[in-house]
Amino acid sequence: MSIVPEAERPNPYSAYGAHGSVLVLNSGSSSLKYQLVNPVGGEAIARGTIERIGESSGIVTHRFAGNTTERELEVPDHGAALRLALGLFEEVGPRLADAGIYAVGHRVVHGGELFSRPVVVDDDVVAKIHDLVPLAPLHNPANVQGIEVARELLPDVPHVAVFDTAFFQALPEHAYTYAIDREVARAHGVRRYGFHGTSHQYVVGKVARVLGRRVQDLNTIVLHLGNGASASAVRGGVPVDTSMGLTPLEGLVMGTRSGDIDPAVVFHLARNAGMDVNDLDTLLNKRSGLKGLAGENDMRELRRLIDAGDDDARVAFDVYIHRLKKYIGAYHAVLGRVDVVAFTAGVGENSAEVRAAVCDGLESLGIDVDEQRNAVRGDEPRIISPAWTSTLVMVVPTMEELAIARQCVEAVEDLRPASGITAG
């Protein structure tokens with residue numbers, strides 16, 4: 001298989017041409033990220049971040065037409081942050097009135113079992129997202145606040161919630177079920193939900209498109225490697241397993257998260273180290289992973305430490321790679337046949353060292369990387385495996401904001417004939 005040139009690939013989104021742009025919002029606990037996206041061509045027309053919301057000094061960055069506007073000022077809450085962002089569109093550009101805003105898309109981390117696809121937001125949807133706060137106490141409250149503020153400030157366009165967990169609602173029961181007392185699990189929603197679903201779904205579709213294949217004909221392992229990291233096994237476009245679970249803590253070694261760990265470690269530390277629930281939460285989510293092992297969660301800095309002879313950094317890297325290899329082997333067994341292993345997200349797209357180390361020793365599975373191909377950097381999907389392998393190894397840049405924008409259009413179009421909706 002080879003890459004099909006861009007000009008020869010059909011664009012399944014060409015019908016979106018009349019829909020203008022989509023404003024994608026990602027509201028974190030102390031940040032707001034936004035991007036104005038063309039759902040047809042896929043380009044980001046403008047983007048920005050507002051960080052340190054609620055602190056004494058916020059950091060604001062707005063990028064448009066090759067220019068970057070940066071400011072430092074107090075941003076007391078998400079309402080002020082969004083008003084600031086909308087003001088920058090008016091002041092710096094592009095004016096939203098001229099951008100033909102078709103919808104506003106909101107990334108929501110946890111949709112529980114309630115949401116298996118994007119939904120146009122109404123008061124009932126907001127209430128249900130709020131009800132899921134116990135499953136994502138660090139994320140869903142900020143997501144709800146961002147939606148409420150945006151609906152107030154942009155009342156004349158539809159608002160759509162796109163869920164990190166939605167793609168993995170298709171997991172088979174045997175893959176999402178934990179082997180604990182079933183009544184306890186049902187009562188408290190304990191199951192595997194999976195995260196980074198928007199990215200995994202986008203990459204699977206992109207792989208099929210650039211190879212000129214039907215997504216239904218491909219078995220793919222996707223490795224989304226950033227500060228947060230997750231793996232998925234996808235058969236014919238449908239996920240059959242994923243590494244993250246009830247929360248984003250399970251699975252791969254991450255920047256600050258432990259990933260898989262013996263649950264009894266928690267009991268041991270509670271009994272012998274006097275750690276309470278909050279201490280343990282902080283330990284496993286913020287003081288573990290690469291940071292816990294080597295004091296550094298940025299892969300670039302970790303590699304610099306390794307080059308300088310730091311033993312802790314070397315061990316951290318080896319642990320990180322070992323966990324990834326285990327998941328590839330496990331997912332190879334689950335899928336039976338693997339056509340593509342796709343690396344994506346910040347580390348997956350940019351670290352040739354990680355990709356080479358992960359694939360080293362997997363030749364018996366038909367997986368390897370070509371040194372020269374792997375060294376090439378770029379923004380386009382590319383094959384980095386040698387010609388002899390039975391499994392293609394690819395680098396596929398993820399575009400979660402574009403995926404959200406396109407899902408927004410689909411959600412609005414699905415409802416429009418029946419309801420004639422015009423606003424969120």
Side-chain angles (χ1 to χ4, degrees), residues 12-13 15-28 32-42 44-47 78 82 85-86 89 96 99-132 136 139-170 195-202 205 398-424:
Y13 307 104
Y16 296 172
H19 296 320
S21 58
V22 175
L23 179 61
V24 177
L25 301 177
N26 183 354
S27 299
L32 172 69
K33 298 178 183 178
Y34 59 90
Q35 193 168 126
L36 186 64
V37 180
N38 175 352
V40 182
I45 302 166
R47 69 180 73 195
H78 282 77
L82 187 54
L86 298 181
F89 276 110
L96 294 182
I101 299 291
Y102 180 74
V104 179
H106 299 268
R107 180 187 179 221
V108 179
V109 169
H110 217 306
E113 294 183 285
L114 297 176
F115 298 105
S116 60
R117 63 188 64 192
V119 292
V120 176
V121 173
D122 57 21
D123 291 344
D124 182 57
V125 168
V126 174
K128 288 177 178 176
I129 296 173
H130 188 271
D131 288 342
L132 293 168
H139 299 95
N140 273 36
N143 298 156
V144 168
Q145 187 177 15
I147 291 172
E148 290 176 336
V149 171
R151 291 178 75 203
E152 176 187 344
L153 297 179
L154 297 167
D156 298 323
V157 292
H159 290 249
V160 179
V162 179
F163 300 88
D164 255 15
T165 53
F167 180 55
F168 295 116
Q169 280 295 296
F195 297 85
H196 296 148
T198 304
S199 176
H200 286 269
Q201 185 174 20
Y202 174 84
T398 191
M399 298 181 68
E400 293 180 85
E401 290 82 4
L402 174 59
I404 290 171
R406 288 172 171 170
Q407 290 184 43
C408 285
V409 173
E410 292 169 0
V412 174
E413 287 299 296
D414 285 346
L415 280 185
R416 191 174 293 281
S419 64
I421 59 172
T422 58

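Side chains included, hydrogens not; waters and symmetry mates left out as well; all remaining heavy atoms used.
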S.K.: Run the side chain to side chain contact (heavy atoms under 4.5 Å, CB included) test on Val160 and Glu410 for me, step by step, so that the C-alpha distance in whole Å, both residues' side-chain angles and the decisive distance to 0.1 Å come before the verdict.
M.R.: CA-CA 10 Å; Val160 179; Glu410 292 169 0; over 6 Å; no

S.K.: Can you tell me how far the CG atom of Asp156 sits from the CD1 atom of Ile101, to the nearest 0.5 Å?
M.R.: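 Going from CG on Asp156 over to CD1 on Ile101, the span is 12.0 Å.
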
S.K.: Between the main-chain N or O of Ala99 and the side-chain N or O of Ser21, is there a donor-acceptor pair closer than 3.5 Å?
M.R.: yes

S.K.: Please determine which of Ile404, Val119, Val24 meets the side chain to side chain contact (heavy atoms under 4.5 Å, CB included) test together with Val162.
M.R.: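 With Val162 as partner, side chain to side chain contact (heavy atoms under 4.5 Å, CB included) holds for just one option, Ile404.
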
S.K.: Between CG of Leu25 and CD1 of Ile147, what distance do you get to the nearest 0.5 Å?
M.R.: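 The CG atom of Leu25 sits 9.5 Å away from the CD1 atom of Ile147.
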
S.K.: Would you say His78's side chain and Gly28's backbone share a donor-acceptor pair under 3.5 angstrom?
M.R.: yes

S.K.: Give me the atom names and distance for the closest heavy-atom approach of Ala403 to Thr198.
M.R.: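 For Ala403 versus Thr198, the nearest heavy atoms are CB-CG2, 3.5 Å.
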
S.K.: Pro39 and Arg406: which non-hydrogen atoms are nearest, and at how many Å?
M.R.: O-NE, 2.7 Å

S.K.: Going by the angle between their ring planes, with limits at 30° and 60°, are His106 and His159 parallel, tilted or perpendicular?
M.R.: parallel

S.K.: Which pair of heavy atoms, one from Asp164 and one from Val109, lies closest together, and at what distance?
M.R.: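 That would be CB-O, 3.1 Å.
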
S.K.: How long is the straight-line distance from NZ of Lys33 back to CZ of Arg47, given to the nearest 0.5 Å?
M.R.: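 Arg47 CZ to Lys33 NZ: 11.0 Å, rounded to 0.5 Å.
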
S.K.: Measure the shortest side-chain to side-chain distance between Val126 and Arg151 over non-hydrogen atoms and say whether it is less than 4.5 angstrom.
M.R.: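 Yes, side chains in contact.
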
S.K.: Mind checking the CZ-NE2 spacing from Phe195 to His200? Nearest 0.5 Å is all I need.
M.R.: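 Rounded to the nearest 0.5 Å, the CZ-NE2 separation comes to 11.5 Å.
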
S.K.: Angle between ring planes, Phe163 versus Phe115, binned at 30° and 60°: parallel, tilted or perpendicular?
M.R.: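 If you compare the ring of Phe163 with that of Phe115, the planes turn out parallel.
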
S.K.: Might you point out which heavy atoms bring Gly105 and Cys408 nearest each other, and give the distance in Å?
M.R.: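 That would be CA-SG, 3.2 Å.
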
S.K.: Within the side chain of Thr165, is there an N or O that forms a donor-acceptor pair under 3.5 Å with the backbone of His110?
M.R.: no

S.K.: Hey, are the side chains of Val104 and Val121 touching, using non-hydrogen atoms and a 4.5 Å cut-off?
M.R.: no

S.K.: Which pair of heavy atoms, one from Asn38 and one from Leu402, lies closest together, and at what distance?
M.R.: O-CD1, 3.9 Å

S.K.: If I take atom CD from residue Gln407 and atom CZ from residue Arg107, how far apart are they, to the nearest 0.5 angstrom?
M.R.: 12.0 Å

S.K.: Would you find a donor on one side and an acceptor on the other, under 3.5 Å apart, between the side chain of Glu401 and the backbone of Leu23?
M.R.: no

S.K.: Between the side chain of Asn140 and the main-chain N/O of Val108, is any donor-acceptor distance below 3.5 Å?
M.R.: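 No.
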
S.K.: Can you tell me how far apart NE2 (His130) and CD (Gln145) are? Round to the nearest 0.5 Å.
M.R.: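 Rounded to the nearest 0.5 Å, the NE2-CD separation comes to 10.5 Å.
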
S.K.: Of all heavy-atom pairs between Ala142 and Ser27, which one has the smallest distance, and what is that distance?
M.R.: O-CB, 3.4 Å

